[in-house]
*Asks:* 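Next up is a structure, given as structure tokens.
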Amino acid sequence: MCDFLFDLPEEIIRDSVFSSLNVKDISLLELSVLGKPLHRETLKKAVKRTFQGYKESTIDELGLSWMFHRKMSVKDVQLSSHSSPLVLREMLPHLHHLSLRSNHHVTESTIGEIVPHLKNLTSFELTENQLITDRAILRMAQCCPKLQKIVLSGCKFLTDASLTAIAELCPLLHSLDVSGCHRLTDEGIKQVVQHCSLVQLNAQGCALLTDVSVLAVARHAPQLHTFDIQGCVEITDTSMVALSARCAQLTNLNVSGCTKVSDQTVMALSEHCPLLQSLSLMDCDHVTNKSISAMSWHCPKLLNLILGNCINMIDAPIITISTHCVELQSVDLSHCRQITDASILTLSEHCVHLHSVNIAHCRQLSETAVIALSQRCVKLQHLDLTSCPFVTNNTLVRIAASCTRLQSLIVARCRRVGELGVTHLATHCPALTHLDLTECASVTDSAITVLAELCPRLKMLHLSCCTSLTDAAVSALCAHSRFLEVLDLSGCAQITDFSLLALGEKTRQLSQLDVTYCDMVSESAKKLYKDSVPSCRFKATGMSKF
């Protein structure tokens, strides 16, 4: 893109950029309301990102209105957390999909104003909203009868009245996510499954639900393929066995934290659900080796298996799973303290398509097994080695050399990791988006500088108690990490006001920042940061840990 373009009038720039685009889906666009005419700097970013192949752009209300008047086909919109849905006034009748994830501008009156114009809406997402009540959901259900997918995750004030309205007024609904809506009871779930042909239901964290809900699902939703009831502690084997027998199409099941679920449920799944691809059993203490071994024989299509905190797990069922479910892509064995190298070596030999492995707190493993895993499973993108005492700089060097697609690495409390390991990681894994170096005190400013320069996509960086770091490391992040969203500097005692002021000025995209126990940061700097970046979840209390 030639620099002279930016000297042209903004109207011409806008036409030159957007007239060539066939915008059919802008669900990935970040739409921000600037509240004033289009800024040249904003447009520069839009132009550069468009022509460099980025999927995210920043445009203002003028840009949206302009796109509409050019009669572009805009059917899918996702608004960022700082955007008002009212920018979409002219587009509303044409929308099929609207996502308001974590959008705090949405109120009861906002919903009341926009939903009458959304007659063609088939998918609606509103998450982490503390302002919406049953009245707004009733209004939405009345005005949007074509809805097929509804996501209301984290809307904590919703009750069964919302589900009753949805059940009665949205007969085409097939996917519902009410995770974190902790006021919901069995009655609401019963209403929905009786009136709608659900194939996906996420009720994670709805702790008031009992076997009554699951039995209703089993009876009325035999076509169900995805079911998430994580943390529903009152669910027992009684209802889960019935579900397994009636819902033979089940492919994804999450019962993590359902502490009353045991081998009986897993055996029933093995017998009746041969299509099962994903099973999460984290914290299910009563699940033993016997049922996991049986599953390996009957569910060959298994792709994802989570057994974290299944404290009775030993090598035998993991070896059996590895040899029979060779298409396995993701496995979580965190806190399975009896697991040894035998499990990991067998996994690495047979399951070469693995892209995610969690062996946090598996203290009987050795570096040999993890290096073998990295050499044979070169598609690895996510690896969690938290509190694995064998992890050293050499481990990271070997992992980085083989797993160049790595996106997420957690080596928290691996205290032998330092500059050499992080530098090699940054050099060979440019796609890295998440790195956790908590309590890796040997990590230096130079290592973080290399990381910032060579891993431009970094979004989450945990540096808690990396006591060697100074303001120089933060300066490097400010200069290069423009996508950084989460930064943990807690316990970095050498960080000063300079870092906080620089972050406030240059990384305003941060959604979470922790400077707890950074006692060289003054109260005035903390207040200034909090005032200047109000959208950031900012933690700054506490005195030094050291």
*Asks:* Judged by atom type as modelled, is there a donor-acceptor pair below 3.5 Å linking the side chain of D211 to the main-chain atoms of T236?
*Replies:*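 Yes; at least one donor-acceptor contact below 3.5 Å.
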*Asks:* Is a donor from one side chain sitting under 3.5 angstrom from an acceptor on the other, for S256 and D283?
*Replies:*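 Note: S256 and D283 side chains miss the donor-acceptor criterion.
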*Asks:* Kindly indicate whether the side chain of L224, heavy atoms from C-beta on, has any atom under 4.5 Å from the side chain of V193.
*Replies:*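 No, side chains not in contact.
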*Asks:* Under the 3.5 angstrom rule, does the side chain of T122 hit a backbone N or O of H96 as a donor-acceptor pair?
*Replies:*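 Yes, because the side chain of T122 sits within donor-acceptor range (under 3.5 Å) of the backbone of H96.
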*Asks:* Step by step, work out the side chain to side chain contact (heavy atoms under 4.5 Å, CB included) result for L451 and L458.
*Replies:* CA-CA 9 Å; L451 180 72; L458 205 60; 3.9 Å; yes
*Asks:* Looking only at side-chain N and O atoms, does S490 offer a donor or acceptor that is under 3.5 Å from a partner on S464?
*Replies:*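 The answer is yes; a qualifying pair exists.
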*Asks:* Tell me, with the steps shown, if R508 and S532 meet side chain to side chain contact (heavy atoms under 4.5 Å, CB included).
*Replies:* CA-CA 9 Å; R508 300 179 68 85; S532 62; 4.2 Å; yes
*Asks:* Within the distance-only criterion (no hydrogens, no angle test), does the side chain of H195 pair as donor or acceptor with the backbone N or O of Q191 below 3.5 angstrom?
*Replies:*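 Yes: the side chain of H195 pairs with the backbone of Q191.
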*Asks:* Please name the pair of heavy atoms, one in G231 and one in C258, separated by the smallest distance, quoted to 0.1 Å.
*Replies:*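 The pair with the smallest heavy-atom distance is N-SG, 4.4 Å.
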*Asks:* Nearest 0.5 Å, please: how far is CG in L173 from NZ in K149?
*Replies:*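 It is 11.0 Å, given to the nearest 0.5 Å.
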*Asks:* Donor-acceptor pair, T507 side chain versus C478 backbone, under 3.5 Å?
*Replies:*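 No, because the side chain of T507 does not come within donor-acceptor range (under 3.5 Å) of the backbone of C478.
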*Asks:* Test your reading of the model: is there a side-chain donor-acceptor pair from D134 to the backbone of T159, 3.5 Å cut-off?
*Replies:*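 At least one qualifying donor-acceptor pair exists.
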*Asks:* Give me the ring orientation class for Y529 and F538: parallel if the planes are under 30° apart, tilted from 30 to 60°, perpendicular past 60°.
*Replies:*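 Tilted, since the angle between the ring planes falls between 30° and 60°.
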*Asks:* Determine whether the side chains of S356 and H382 contain a donor N or O and an acceptor N or O closer than 3.5 Å.
*Replies:*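 Result is no, nothing qualifies.
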*Asks:* Return the CG to CD distance between L275 and Q277, rounded to the nearest 0.5 Å.
*Replies:*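 Spacing of CG (L275) from CD (Q277) equals 7.5 Å.
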*Asks:* I'd like to know if the side chain of E271 pairs up with that of S244 as donor and acceptor (distance under 3.5 Å, no hydrogens or angles considered).
*Replies:*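 There is no such pair between these side chains.
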*Asks:* Between atom CZ of R405 and atom CD of Q381, what is the distance when rounded to the nearest 0.5 Å?
*Replies:*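 Between atom CZ of R405 and atom CD of Q381 there are 7.5 Å.
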*Asks:* In a check of side chain to side chain contact (heavy atoms under 4.5 Å, CB included) between I321 and each of L307, V331, V326, L305, which one passes?
*Replies:*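 Per the side chain to side chain contact (heavy atoms under 4.5 Å, CB included) rule, the option paired with I321 is L305, out of L307, V331, V326, L305.
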*Asks:* Would you say D186's side chain and T210's backbone share a donor-acceptor pair under 3.5 angstrom?
*Replies:*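 Here the side-chain-to-backbone pair exists.
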*Asks:* Between L484 and Q509, is a side chain to side chain contact (heavy atoms under 4.5 Å, CB included) present by the stated rule, with each step listed?
*Replies:* CA-CA 7 Å; L484 196 63; Q509 77 280 3; 4.0 Å; yes
*Asks:* Looking at every non-hydrogen atom in both residues, tell me the closest pair between D332 and M282 and how far apart they are.
*Replies:*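 Scanning both residues completely, I find the closest heavy atoms to be OD2-CE, 3.2 Å.
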*Asks:* Between C181 and L152, which heavy-atom pair has the shortest distance, and what is it?
*Replies:*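 Here C181 and L152 meet closest at SG-O, 3.3 Å.
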*Asks:* Can you check whether H353 reaches E327 side chain to side chain, under 4.5 Å on heavy atoms?
*Replies:*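 SC-SC contact between H353 and E327 confirmed.
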*Asks:* Any non-hydrogen side-chain atom of V486 less than 4.5 Å from a side-chain atom of H462?
*Replies:*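 SC-SC contact between V486 and H462 confirmed.
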*Asks:* Less than 4.5 Å apart, side chain to side chain, heavy atoms only: is that true for L126 and C155?
*Replies:*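 Yes, side chains in contact.
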*Asks:* Contact between K146 and K119 at the side-chain level, heavy atoms closer than 4.5 Å - yes or no?
*Replies:*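 Sidechains of K119 and K146: no contact.
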*Asks:* Of the non-hydrogen atoms in L118 and C144, which two are nearest, and what is the gap between them?
*Replies:*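 Taking L118 first and C144 second, the nearest heavy atoms are O-SG, 3.6 Å.
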*Asks:* Any side-chain heavy atom of K530 within less than 4.5 Å of one from K526?
*Replies:*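 K530 does not reach K526 side chain to side chain.
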*Asks:* Taking E108 for the side chain and T133 for the main chain, is one N or O donor matched with an acceptor at less than 3.5 Å?
*Replies:*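 Flag set: sc E108 to bb T133 pair under 3.5 Å.
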*Asks:* If you take all heavy atoms of C206 and L184, which pair is closest and at what distance?
*Replies:*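 Reported closest heavy-atom pair: SG-CD1, 4.4 Å.
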*Asks:* Calculate, to the nearest 0.5 Å, the distance between atoms NE2 and OG belonging to H355 and S330 respectively.
*Replies:*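 It is 5.5 Å, given to the nearest 0.5 Å.
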*Asks:* Would you name the heavy atoms of M240 and I229 that are closest together and state the gap between them?
*Replies:*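 Looking at all heavy atoms of both residues, the shortest contact is SD-CD1, 3.9 Å.
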*Asks:* Under the criterion side chain to side chain contact (heavy atoms under 4.5 Å, CB included), I'd like the reasoning laid out for F483 against T433: C-alpha separation, chi angles, the key distance, then a yes or no.
*Replies:* CA-CA 9 Å; F483 295 113; T433 61; over 6 Å; no
*Asks:* In this structure, which one of T438, D384, L383 forms a side chain to side chain contact (heavy atoms under 4.5 Å, CB included) with I410?
*Replies:*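 The option that passes is D384.
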*Asks:* Any side-chain heavy atom of N304 within less than 4.5 Å of one from Q329?
*Replies:*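 The answer is yes; the side chains approach within 4.5 Å.
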*Asks:* Nearest 0.5 Å, please: how far is CG in L198 from NE2 in H225?
*Replies:*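 Answer rounded to 0.5 Å: 10.0 Å.
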*Asks:* Donor-acceptor check, side chain of T127 to backbone of G154, threshold 3.5 angstrom: yes or no?
*Replies:*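 No, T127 side chain to G154 backbone: no donor-acceptor pair under 3.5 Å.
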*Asks:* Which value, rounded to the nearest 0.5 Å, describes the distance between T259 atom OG1 and N309 atom CG?
*Replies:*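 Result: 12.5 Å between the selected atoms.
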*Asks:* Are the side chains of M295 and S270 in contact, using a 4.5 Å heavy-atom criterion?
*Replies:*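 The answer is yes; the side chains approach within 4.5 Å.
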*Asks:* Answer with yes or no whether the side chains of K156 and H182 bring together a donor and an acceptor at under 3.5 Å.
*Replies:*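 Per modelled atom types, H182 and K156 side chains form no pair under 3.5 Å.
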